[in-house]
Amino acid sequence: MAIDDKTRTELEAAVFRRLVQHLRSRTDVQNIDLMNLAGFCRNCLSNWLKEEADAKGAAMSKDDSREAVYGMPYETWKASFQEKASPEQLAAMKKAESGH
């Protein structure tokens with residue numbers, strides 16, 4: 001099935017919005033767990049969003065991009081939902097980083 005570029009972009013944008021909404025609803029999933037399992041987290045998504053905005057010359061601060069992904073200021077999200085990383089989580093991250 002062939003899809004024109006405009007439709008493909010619209011579909012990709014819709015999927016991104018669904019992914020962001022899913023991550024917003026799963027505040028129980030910690031960023032370190034996402035990093036350990038998938039190699040990316042909410043911060044990565046917000047950084048990619050900012051990088052793309054910069055490439056297009058669109059005004060977007062790091063705080064703006066994080067709020068777009070988290071649905072609230074990043075510091076508010078951290079204070080409300082971020083837990084201290086366990087020794088097991090930290091060990092898994094160190095092991096994953098050594099594989100790069």
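Both backbone and side-chain heavy atoms feed into the values below; hydrogens, waters and symmetry mates do not. From a predicted model like this one, the values you see are computed outputs, not experimental measurements.
At distances below 3.5 Å, at least one donor-acceptor pair connects side-chain atoms of Ser25 with backbone N or O atoms of His22.
Note that the OG1 atom of Thr76 and the CD atom of Glu67 stand 8.0 Å from one another [nearest 0.5 Å]. Taking CG of Asp54 as the reference point, atom NZ of Lys62 lies at 12.0 Å (rounded to 0.5 Å). Taken from CG in Asn36 to CD in Gln89, the straight-line distance is 7.0 Å, to the nearest 0.5 Å. Rounding to the nearest 0.5 Å gives a distance of 11.5 Å between CZ of Arg17 and CZ of Arg24. Note: Asn31 CG to Cys41 SG = 4.0 Å, rounded to the nearest 0.5 Å.
When the side-chain hydrogen bond (donor to acceptor under 3.5 Å, both in side chains) test is applied to Thr7, the partners found at least two apart in sequence or on another chain are Asp4. Take Glu12 and apply the side-chain hydrogen bond (donor to acceptor under 3.5 Å, both in side chains) test, not counting sequence neighbours, and it matches no residue. Applying the side-chain hydrogen bond (donor to acceptor under 3.5 Å, both in side chains) test to Thr9 and every residue at least two apart in sequence or in another chain returns nothing. Here Leu23 pairs with Leu19, Leu34, Arg42, Leu45 under the side-chain contact (heavy atoms from CB on, under 4.5 Å) rule; sequence neighbours left out. Partners of Phe16 under the ring-ring contact (aromatic ring centres under 6.0 Å, His included) rule, at least two apart in sequence or in another chain, do not exist in this structure. Partners of Ser61 according to the side-chain hydrogen bond (donor to acceptor under 3.5 Å, both in side chains) rule, which considers only residues two or more places apart in sequence or in another chain, are Asp64.
When all heavy atoms of Met60 and Ala53 are compared, the pair lying nearest together is CB-CB, 3.8 Å. The two residues Ala68 and Val20 make their nearest non-hydrogen contact at O-CG1, 3.7 Å. In terms of heavy-atom proximity, Gln30 sits nearest to Glu83 at OE1-N, 2.8 Å.
For CG of Asp5, the number of neighbouring non-hydrogen atoms (other residues, nucleotides, ligands) closer than 6.0 Å is 12 at most. Atom CD of Gln82 is surrounded by more than 12 heavy atoms from other residues, nucleotides or ligands within 6.0 Å.
In this structure, Glu10 pairs ionically with Lys6, as a charged nitrogen and a carboxylate oxygen lie closer than 4.0 Å.
No path of Ile, Leu, Val, Met, Phe, Trp and Tyr side chains, each step under 4.5 Å between heavy atoms, connects Ile32 with Phe81, placing them in separate hydrophobic clusters. A continuous path of Ile, Leu, Val, Met, Phe, Trp and Tyr side chains, each step under 4.5 Å between heavy atoms, connects Tyr74 with Met72, placing both in one hydrophobic cluster.
At a threshold of 4.5 Å between non-hydrogen side-chain atoms, the residues Asn43 and Tyr70 count as touching.
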